[in-house]
Peer 1: 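Pasting a structure here, questions to come.
Note: hydrogens, waters and symmetry copies are ignored here, and every other heavy atom, side chains too, is used.
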Amino acid sequence: MTTVRTRIAPSPTGDPHVGTAYIALFNLCFARQHGGEFILRIEDTDQVRSTRESEQQIYDALRWLGIEWSEGPDVGGPHGPYRQSERGHIYQKYSAELVEKGHAFHCFCSAERLDKVRAEQMEAKQTPRYDGHCMNLSAAEVQQRLAAGEPNVVRMKVPTNGVCVVPDMLRGEVEIPWDRMDMQVLMKTDGLPTYFLANVVDDHLMGITHVLRGEEWLPSAPKLILLYEYFGWDKPQLCYMPLLRNPDKSKLSKRKNPTSITFYERMGFLPQAMLNYLGRMGWSMPDEREKFSLDEMVEHFDINRVSLGGPIFDLEKLSWLNGQWMRELSVEEFAAGAQKWAFNNDYLMQIAPHVQGRVETFSQIAPLASFFFAGGVAPDAALFAHKKLSADQVRQVMQLILWKLEALRQWEKEPITGCIQAVVEHLELKLRDAMPLMFAAITGQASSVSVLDAMEILGPDLTRFRLRQAIELLGGVSKKENKEWEKLLAAIA
């Protein structure tokens, strides 16, 4: 009997996302329920955005929740390497095999030509897709151009007629027309694979039997199925999980909801409550009870109990559930949890040097430093009134700084300062023009300890959350402004 093997394959390109934890949890439960294995693989073929810092954050965040894996980059295993960036030679081999069998081809088209073709197709109200320009080049011409070192990608061939039947464990058979499929790039010009080739090759070689992934991947399932057929491999069973939604039913996004797992850790949520809440996302226990542990979820897990309606991720509901878990702790467990969260020696020793020179009695510590022990702060809107900047400029400066900080992976005082400096210099302002805004947003006060030191100590999650809160307090950002300011952001060094 085949051992059930599931996996999670996150990209280390940003903060560890609650959607990653949600999919990981369901893969873990499915595997454990069937006495199988759950593994972790890192999809780091995006060399520009992938970082080891982000990879480590993924490990830490999943482990904080109580999600463990039996194979992965950090624990090893018989199917390594478990980072896609270390498996390049494997993808090259299988890409060459597809070309040799006539299932894929080298494409030498420039980005300019592809843009032109797509623009013409859209103008003619056609589905934009590759037009097959390089598909029928002679073998001699292909070899000549490869020998000359001409940049190229490898594309897979796809049918243009008929439908692909996608067997989904939740929806049954889903029919998707082939004319919606593009000739997918499998190998990029940098010699690294795209998601499609890497996933199919890795899932096969790592013996993955069931793939539970987000439903946003369902429309492209035919390309994955076709690759399995091209290689002559048995495909795993596919399950497309409903996407997490904001309360307004839109796809969960950090603009409307905090999406970083570490945010919830810094806010003082209990990991078991967070995991419990993720387990309730589109799934329910047979007796419908709301509060349950991971072991209880595994014991009663049945994939057929997943509901296809988009589960709503509601911070208020999560807080309520967290309260249920909190009240069941013993007083000793509660005190120990609070101490571990923010009243531990390591955290206090970061804060003490910045507070000591500003107080005359210990009783003055709490009023001065309370923002270090809070999730959000509630600044008075009057604190953002600026002598030099208009109300719109204030929001613009803060939004641009927030975007720069969202992309920052090395969270230390110097790079934090660099982000703020880059924005103010581009806007022909001075650092002193932005700092009062940062004081108000981060500390909720007009002045306090060094706000740059405070941002480093608070960490990226609480810092970004408070900036978002401040921007919302001042009226938020319209769609038009968002578009204009994103162009401005692209020009900032």
Peer 1: Tell me whether E43 is salt-bridged to R83, with the criterion being a basic N under 4.0 Å from an acidic carboxylate O.
Peer 2: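 Looking at R83 together with E43, the answer is no, because their closest N to O distance does not fall below 4.0 Å.
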Peer 1: For W217 and Y195: C-alpha separation, side-chain torsions, deciding distance, then whether ring-ring contact (aromatic ring centres under 6.0 Å, His included) applies.
Peer 2: CA-CA 11 Å; W217 293 104; Y195 167 88; 4.0 Å; yes
Peer 1: Ignoring hydrogens and geometry beyond distance, is a side-chain donor-acceptor pair present between D248 and S250 at under 3.5 Å?
Peer 2: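 Distance-only check passes for D248 and S250.
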Peer 1: Please check if any side-chain donor atom of Q364 sits under 3.5 Å from a side-chain acceptor atom of R358, or the reverse.
Peer 2: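 Looking only at side-chain atoms, R358 and Q364 do not form any donor-acceptor pair under 3.5 Å.
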Peer 1: Looking at residues at least two apart in the chain, or sitting in another chain, which of them share a side-chain contact (heavy atoms from CB on, under 4.5 Å) with L308?
Peer 2: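 Result, side-chain contact (heavy atoms from CB on, under 4.5 Å) vs L308: L170, R171.
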Peer 1: Could you tell me which residues satisfy side-chain contact (heavy atoms from CB on, under 4.5 Å) with S363, sequence neighbours excluded, listed by chain and number?
Peer 2: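 side-chain contact (heavy atoms from CB on, under 4.5 Å) list for S363, sorted by chain: T361.
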Peer 1: For a quick test of reading the model, state the closest non-hydrogen atom pair linking Q33 to V298 and the distance between them.
Peer 2: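 Where Q33 meets V298 most closely, the heavy atoms are CG-O, 3.0 Å.
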Peer 1: Let me have the donor-acceptor pairs involving side chains of residues 325-334, under 3.5 Å, with sequence neighbours excluded, atom names and distances please.
Peer 2:
residue, atom, partner, partner atom, Å
W325, NE1, N276, OD1, 2.9
E328, OE1, K291, NZ, 3.0
S330, OG, E333, N, 3.0
S330, OG, E333, OE1, 3.4
E333, OE1, S330, N, 2.8

Peer 1: Using 0.5 Å steps for rounding, measure from the CG atom of L25 to the CE atom of M281.
Peer 2: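 CE of M281 is found 11.0 Å from CG of L25.
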Peer 1: If the condition is salt bridge (Lys or Arg N to Asp or Glu O under 4.0 Å), which residues does E299 pass it with, not counting sequence neighbours?
Peer 2: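 E299: no salt bridge (Lys or Arg N to Asp or Glu O under 4.0 Å) contacts found.
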Peer 1: List in chain and number order the residues that pass salt bridge (Lys or Arg N to Asp or Glu O under 4.0 Å) with K483, two or more places apart in sequence or in another chain; answer none if no residue qualifies.
Peer 2: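 K483: no salt bridge (Lys or Arg N to Asp or Glu O under 4.0 Å) contacts found.
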Peer 1: With sequence neighbours excluded, what pairs up with R32 under the salt bridge (Lys or Arg N to Asp or Glu O under 4.0 Å) test?
Peer 2: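 So R32 forms no salt bridge (Lys or Arg N to Asp or Glu O under 4.0 Å) with any residue.
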Peer 1: Enumerate, atom names and distances included, each donor-acceptor pair closer than 3.5 Å involving a side-chain atom of residues 417-424, sequence neighbours excluded.
Peer 2:
residue, atom, partner, partner atom, Å
T417, OG1, K413, O, 2.7
Q421, NE2, E425, OE2, 3.2

Peer 1: Throw together a table of side-chain donor-acceptor distances under 3.5 angstrom for residues 312-321, partners on residues two or more places apart or in other chains.
Peer 2:
residue, atom, partner, partner atom, Å
D314, OD1, E316, N, 2.9
K317, NZ, E290, OE1, 3.1
S319, OG, L315, O, 2.9

Peer 1: Mind checking side-chain contact (heavy atoms from CB on, under 4.5 Å) for S284 and listing every partner two or more places apart, or none if nothing turns up?
Peer 2: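 Checked S284 against side-chain contact (heavy atoms from CB on, under 4.5 Å); matches are E288, R305.
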Peer 1: Tell me, please, which residues at least two apart from A385 pass side-chain contact (heavy atoms from CB on, under 4.5 Å).
Peer 2: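 By the side-chain contact (heavy atoms from CB on, under 4.5 Å) rule, A385 matches no residue at all.
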Peer 1: Taking distance alone, no hydrogens or angles, what donor-acceptor pairs closer than 3.5 Å link side-chain atoms of residues 64-72 to residues at least two apart or in another chain?
Peer 2:
residue, atom, partner, partner atom, Å
E68, OE1, R63, NE, 3.2
W69, NE1, D74, OD1, 3.0
S70, OG, E37, OE1, 2.5
S70, OG, F38, O, 3.3
E71, OE1, R5, NH2, 3.1
E71, OE1, H79, ND1, 3.3
E71, OE1, Y82, OH, 2.6
E71, OE2, R5, NH1, 2.8
E71, OE2, R5, NH2, 3.2

Peer 1: Taking ring pair (Phe, Tyr, Trp, His ring centres under 6.0 Å) as the cut-off, I'd like each qualifying pair that reaches into residues 397-442, sequence neighbours left out, listed once.
Peer 2: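 As it turns out, there is no ring pair (Phe, Tyr, Trp, His ring centres under 6.0 Å) pair with a partner in residues 397-442 once direct neighbours are skipped.
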